[in-house]
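Here the structure comes first, spelled out in structure tokens, and everything after it is commentary.
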Amino acid sequence: MTGVPVTGERAGDAPLTWGQRAIWEAIERTVPDDHYFNFGRVVRLGARPASVDGARWALARLVERHESLRTLVVDGGQRLRNSGELPVAFGTDPDELLAELVAPRFDYAREWPLRAGLVTAGPEVTHIVMVFCHLAADGLGAEEAVRDLRLLLLRGEPRGSRPPQPLDIARWQQSPDGRRVAEEAAGHWEREHRRIPPTMFHLPSGAAAQPPIWRASLRSPAIDLAAQRIAVKHGTSTSNVLLTAVTALVARTTGHETVAMLPIVSNRFRADTRGAVSTMSQEGLFVLDVEKVRFDELLALARPAALRAYRSAYHDPADRARVLAEVSEDRGEPVHPYCCFNDMRFADHAVYRDDALIRRALGETSLTWPMSQDQLNCRFCVHLSGTMDVSVTADTRWLSRAEMEGFLRGLEDLLVEAALR
């Protein structure tokens, strides 16, 4: 492990951005298993390997350009450092180095929120491994960082002008314009929380597994193909198809006629947030009434509900906490869905697929249990990744392992049936 000197243009303190505060609250609820939020990228250099000095130089320039990569959390706020050393590890296998760097939890007040490693073959660097603290970047922010790193290696400079920085975003969010956006979102959270069920998964499942938190992952080409066919048929996105299908299955599983989901939204629709290497993603509030509604009708209802949810995702977590506390007091019980949907795919392409292809794909489905731990900040979360992987991470005190598997199998059945109807 060696250090790479980094010197930025400025230092400073500011409140956490809305996105930083949202993930910080989730981290605090997940300690000591908060390594759950760490994630990484392996940058394969392919036919153009770099020298060790060249890779170190590019990493230093990347951290100087993106202030989130040298921002700590101190006394509940963000503190930007203008200088220091980025530790860089070395290895010979990218997967092993990624696993080594992603496993430990971050020291948020002292440790750089980026861990870097170089995979070498002789004098050449073949891969650069980056592990992000979720306070520094979300999935799209990490992709922006990877893109800039590649450009620094290829041509010695990144793209275009300086992107938005967390310090500036936080200060805008405290401004009158920022408060207007926050108040509009808070109105949506309040209206919907006054009519939704207190929580989605409300009945204990029986004996919990040990540890209580498990993830079931279904690799299903059939889900991918069926979602594409439905999206083309109904003129919508596969993300909307899958969000609607998950909502329908939650209703079937829990018995609720009104379902509240918390989709993770990128919040990069605004010019002053687009391109930011930071954690901008937050939960929106998606509410759908599903009683006696066919799936194709539900898709039509889901589209405007999803737009309202996306707008509500750019919100001040302090406003949300206040609204939830007030509504819970008025209703005489805690109100929180604890039911999440996270589409982590970076592309959403749909092509009409024929019956035979979808039916044949059913034979390729496989289920695994890749993760278990003691703490989670939610009871139920569906993750979409790659082109055909759907997982459920749940607290088995509220949804047993058998019910988790049944949910995923039921999702596949629902989508295939809807696609072939």
Pair R179 + D319, salt bridge at N-O below 4.0 Å: yes
field: Heavy-atom pair of closest approach, residues A60 and P5
entry: CB-O, 3.7 Å
Name each donor-acceptor pair under 3.5 Å that joins a side chain in residues 211-222 to protein atoms two or more places apart or in another chain, with its distance.
residue: W214; atom: NE1; partner: P211; partner atom: O; Å: 2.6
residue: R215; atom: NE; partner: T393; partner atom: OG1; Å: 2.7
residue: R215; atom: NH2; partner: Y36; partner atom: OH; Å: 3.4
residue: R215; atom: NH2; partner: T393; partner atom: OG1; Å: 3.3
residue: R219; atom: NH1; partner: D389; partner atom: OD1; Å: 3.1
residue: R219; atom: NH1; partner: D389; partner atom: OD2; Å: 3.2
residue: S220; atom: OG; partner: I223; partner atom: N; Å: 3.0
residue: S220; atom: OG; partner: E412; partner atom: OE2; Å: 2.6

task: Assign the ring pair W24 / Y108 to parallel, tilted or perpendicular, where the plane angle (0 to 90°) is split at 30° and 60°.
output: perpendicular
query: Should V129 and R115 be marked as a side chain to side chain contact (heavy atoms under 4.5 Å, CB included) after you check the CA-CA gap, both sets of side-chain angles, and the distance that decides it?
result: CA-CA 8 Å; V129 176; R115 294 173 182 153; over 6 Å; no
query: Between V335 and P197, which heavy-atom pair has the shortest distance, and what is it?
result: CG1-O, 4.3 Å
Cationic N near anionic O, under 4.0 Å, E283 to R320: yes
- prompt: Hey, would you say the H315 and W18 ring centroids sit under 6.0 Å apart?
  reply: no
statement: Between the OG1 atom in T273 and the CH2 atom in W172, the distance rounded to the nearest 0.5 Å is 9.0 Å
task: Indicate yes or no for a side-chain donor-acceptor contact from E329 to the backbone of E326 under 3.5 Å, with no hydrogens or angles considered.
output: no
query: Do the side chain of N38 and the main chain of P104 share a donor and acceptor less than 3.5 angstrom apart?
result: yes
message: Run the side-chain hydrogen bond (donor to acceptor under 3.5 Å, both in side chains) test on D348 and S239 for me, step by step, so that the C-alpha distance in whole Å, both residues' side-chain angles and the decisive distance to 0.1 Å come before the verdict.
response: CA-CA 7 Å; D348 192 344; S239 189; 4.8 Å; no
- request: Assess whether side chain to side chain contact (heavy atoms under 4.5 Å, CB included) is satisfied between E417 and R421, documenting all intermediate values.
  value: CA-CA 6 Å; E417 180 183 339; R421 184 179 296 130; 3.6 Å; yes
- request: Quick one: pull up CD in E96 and CG in L101 and give me the separation to the nearest 0.5 Å.
  value: 12.0 Å
- request: Measure the spacing between CD1 of I23 and OG of S278 and express it to the nearest 0.5 Å.
  value: 11.5 Å
- prompt: Counting distance only, does the side-chain N/O of Q375 pair as donor-acceptor with the main-chain N or O of V31 below 3.5 Å?
  reply: no
- prompt: On the ring face of W112, is R81 found with NZ or CZ under 6.0 Å from the centre and within 45° of the axis?
  reply: yes
message: Tell me whether R48 at atom CZ has more than 12 heavy atoms from other residues, nucleotides or ligands lying less than 6.0 Å away.
response: no
query: Short question: side chain of T279, backbone of H134 - any donor-acceptor pair under 3.5 Å?
result: yes
- line: Scanning both residues in full, the closest heavy-atom pair of W57 with L152 reads CZ3-O, 3.7 Å
- prompt: Is E143 salt-bridged to R147, cutoff N-O under 4.0 Å?
  reply: no
task: Report yes or no: do N240 and T236 form a side-chain donor-acceptor pair below 3.5 Å?
output: yes
field: CG on L59 to CE on M130, rounded to 0.5 Å
entry: 7.5 Å
message: Quick test of your reading of the model: are R409 and E405 salt-bridged, counting only N-O distances below 4.0 Å?
response: yes
task: Please check if the side chain of E157 supplies one atom and the backbone of L151 the other of a donor-acceptor pair under 3.5 Å.
output: no
field: Aromatic ring proximity, centroids under 6.0 angstrom, F380 and W398
entry: no
- line: Output for pair (R70 CZ, L72 CG), nearest 0.5 Å, gives 11.0 Å
query: Do you know the tightest heavy-atom contact between Q173 and T17?
result: OE1-CA, 3.3 Å
message: When you compare the side chain of L399 with that of S205, does any pair of heavy atoms fall below 4.5 Å?
response: no
Evaluation steps, side chain to side chain contact (heavy atoms under 4.5 Å, CB included), between I264 and Q282: CA-CA 5 Å; I264 310 301; Q282 292 179 255; over 6 Å; no
H35 side-chain N/O to F106 backbone N/O, donor-acceptor pair under 3.5 Å: no
query: Can you tell me how far OH of Y338 sits from OG1 of T199, rounded to the nearest 0.5 angstrom?
result: 7.0 Å
task: Inspect the contact between R162 and E67 and indicate whether a charged nitrogen and a carboxylate oxygen are less than 4.0 angstrom apart.
output: yes
field: Taking every non-hydrogen atom, the tightest pair across G275 and P163
entry: O-CB, 3.6 Å
N/O donor-acceptor pair under 3.5 Å between H188 side chain and A186 backbone: no
field: D148 side chain to H66 side chain, donor-acceptor N/O pair below 3.5 angstrom
entry: yes
message: Checking side-chain polar atoms at under 3.5 Å, does D289 have a donor or acceptor matched by the opposite partner on T258?
response: yes
- prompt: Tell me the salt bridge (charged side-chain N to carboxylate O under 4.0 Å, His left out) pairs involving residues 335-346, sequence neighbours left out?
  reply: D343-R345
query: Any salt bridge between E25 and R21, counting N to O under 4.0 Å?
result: no
message: Could you check whether T2 and R56, counting side-chain N and O atoms only, form a donor-acceptor pair closer than 3.5 Å?
response: yes
query: Is there side-chain contact between H234 and V241, with at least one heavy-atom pair below 4.5 Å?
result: no
- prompt: Y314 ring centre to R268 NZ or CZ under 6.0 Å, with the angle to the axis within 45°?
  reply: no
task: Before giving the answer on side chain to side chain contact (heavy atoms under 4.5 Å, CB included), spell out for V73 and L16 the whole-Å C-alpha distance, their side-chain angles and the decisive distance to 0.1 Å.
output: CA-CA 8 Å; V73 176; L16 296 177; 4.2 Å; yes
- request: Taking only Lys NZ, Arg NE, NH1 and NH2, and the carboxylate oxygens of Asp or Glu, determine whether R105 and D33 approach each other closer than 4.0 Å.
  value: no
task: State whether the side chain of D34 and the backbone N or O of I27 hold a donor-acceptor pair below 3.5 Å, judged by distance alone.
output: no
- prompt: Is R379 paired with D395 through a side-chain N to carboxylate O contact shorter than 4.0 Å?
  reply: no
task: Return yes when atom CD of E9 has more than 12 non-hydrogen atoms of other residues, nucleotides or ligands closer than 6.0 Å, and no otherwise.
output: no
- line: In terms of heavy-atom contacts, I128 and A55 come closest through CD1-CB, 4.0 Å
field: Working for salt bridge (Lys or Arg N to Asp or Glu O under 4.0 Å), residues R44 and D95
entry: CA-CA 11 Å; R44 183 176 177 273; D95 293 332; over 6 Å; no
task: Would you check if the side chain of N267 reaches a backbone N or O of M280 as a donor-acceptor pair within less than 3.5 Å?
output: yes
message: Working note: H336 + H193, criterion ring-ring contact (aromatic ring centres under 6.0 Å, His included); need CA distance, chi angles, decisive distance, verdict.
response: CA-CA 8 Å; H336 195 300; H193 272 80; 7.2 Å; no
field: Presence of salt bridge, R171 and D13, under 4.0 angstrom
entry: no
- prompt: Tell me, do V131 and L114 make a side-chain contact under 4.5 Å, heavy atoms counted?
  reply: no
query: Okay, side chain of E403, backbone of S400: is any donor-acceptor separation there less than 3.5 Å?
result: yes
